[in-house]
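Quantities reported herein were computed from a predicted structural model and do not represent experimental measurements. The chain is numbered in sequence order, starting from 1.
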Amino acid sequence: QVQLVESGGGLAQAGGSLRLSCAASGRTFSRNAMGWFRQAPGKEREFVAGISWSGGTTYYGDSVKGRFSISRDNVKNTVYLQMNSLKPEDTTVYYCAARLTSVPSPRPHEYTYWGQGTQVTVSS
């Protein structure tokens, strides 16, 4: 079992930055690939970024490439999402997820554990 708790969401202006954190507890964190997703009301869950257990492999959704950066600290059992050049269309709830393998995936159904989500609002 893995418990995930997101933090760092809030209000930012367009062009600004926020950093989300996801603290993990429970079973060994360092062997799990991690992902960030987001979901707006009435829409499907969208892949934002993923990172391998070692941190050596990262993937990004097309809408955030070049603006967002995912990283992890396996000592602190925490994964981060640095969001720069924020746009109003980035406004939604962001979720952290853990996969039972070492390689990330863009498909939400391949993740087993999910956090409760954190709201990000970007004003124009």
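- Smallest separation of non-hydrogen atoms from L86 and A12: CD1-CB, 3.8 Å.
- Formation of a donor-acceptor pair under 3.5 Å by the N74 side chain with backbone atoms of N77 is not found in this model.
- Separation of atoms CD (E6) and SG (C22) is listed at 5.5 Å; rounding is to 0.5 Å.
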### Message
Walk me through whether M83 and Y94 qualify under side chain to side chain contact (heavy atoms under 4.5 Å, CB included).
### Response
CA-CA 11 Å; M83 304 187 295; Y94 285 73; 4.0 Å; yes

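- The two atoms that bring G50 and I70 nearest to each other are O-CG2, 3.7 Å, heavy atoms only.
- Note on K65 versus D62: salt bridge recorded, some NZ/NE/NH1/NH2 to OD/OE distance being below 4.0 Å.
- Screening residues 11-23 for side-chain hydrogen bond (donor to acceptor under 3.5 Å, both in side chains), with sequence neighbours left out, gives S17-N84.
- Residues L18 and G10 share a closest heavy-atom pair of CD1-O, 3.9 Å.
- Legend: residues meeting side chain to side chain contact (heavy atoms under 4.5 Å, CB included) with S63, ordered by chain and number and at least two apart, are R38, E46.
- Note that the OG atom of S54 and the CZ atom of R72 stand 8.0 Å from one another [nearest 0.5 Å].
- Checked by atom type and distance alone, the side chain of N32 never pairs as donor or acceptor with a backbone atom of M34 at under 3.5 Å.
- Hydrophobic cluster of Y111: the remaining members, joined at side-chain heavy-atom separations below 4.5 Å, are F37, F47, Y59, V93, Y95, W114, listed by chain and number.
- A pairwise comparison of heavy atoms in A33 and P104 identifies CB-N, 3.4 Å as the closest pair.
- Applying the side chain to side chain contact (heavy atoms under 4.5 Å, CB included) test to A23 and every residue at least two apart in sequence or in another chain returns T78.
- Taking CD1 from I51 and OG1 from T57, the interatomic distance works out to 8.5 Å, rounded to the nearest 0.5 Å.
- Looking at L20 and Q82, their side chains never come closer than 4.5 Å, going by heavy atoms from C-beta outward.
- Here the OG-CZ distance, from S52 to R31, works out to 11.0 Å after rounding to the nearest 0.5 Å.
- Side-chain contact check for V48 versus Y60: every heavy-atom pair is 4.5 Å or farther apart.
- Contact of the Q39 side chain with the E44 side chain is not registered, since no non-hydrogen atoms from C-beta on lie closer than 4.5 Å.
- Two residues are said to be in side-chain contact when any heavy atoms from C-beta on lie closer than 4.5 Å; S69 and Y80 fail this criterion.
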Which atom pairs, one a donor and one an acceptor, fall under 3.5 Å between side chains of residues 96-103 and the rest of the protein, sequence neighbours left out?
| residue | atom | partner | partner atom | Å |
| --- | --- | --- | --- | --- |
| R99 | NE | E110 | O | 3.4 |
| R99 | NH1 | T101 | OG1 | 3.4 |
| R99 | NH1 | V103 | O | 2.6 |
| R99 | NH2 | E110 | OE1 | 3.0 |
| T101 | OG1 | V103 | O | 3.4 |

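- Among pairs with a residue in residues 41-86, none fulfils disulfide bond (SG atoms under 2.5 Å apart), at least two apart in sequence or across chains.
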#### Entry: Worked verdict on L81 versus F68 for side chain to side chain contact (heavy atoms under 4.5 Å, CB included)
CA-CA 7 Å; L81 184 68; F68 291 10; 4.2 Å; yes

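- Q1 is listed as a side-chain neighbour of Y113, based on a closest heavy-atom distance under 4.5 Å.
- In this structure, V120 and T92 have side chains that are not in contact, with every pair of non-hydrogen atoms separated by 4.5 Å or more.
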### Message
Go through it in stages, so that I can follow the logic: the residues are D90 and R67, the test is side chain to side chain contact (heavy atoms under 4.5 Å, CB included), and I'd like the CA-CA distance, side-chain angles, deciding distance and then a yes or no.
### Response
CA-CA 11 Å; D90 294 320; R67 300 189 298 123; 2.8 Å; yes

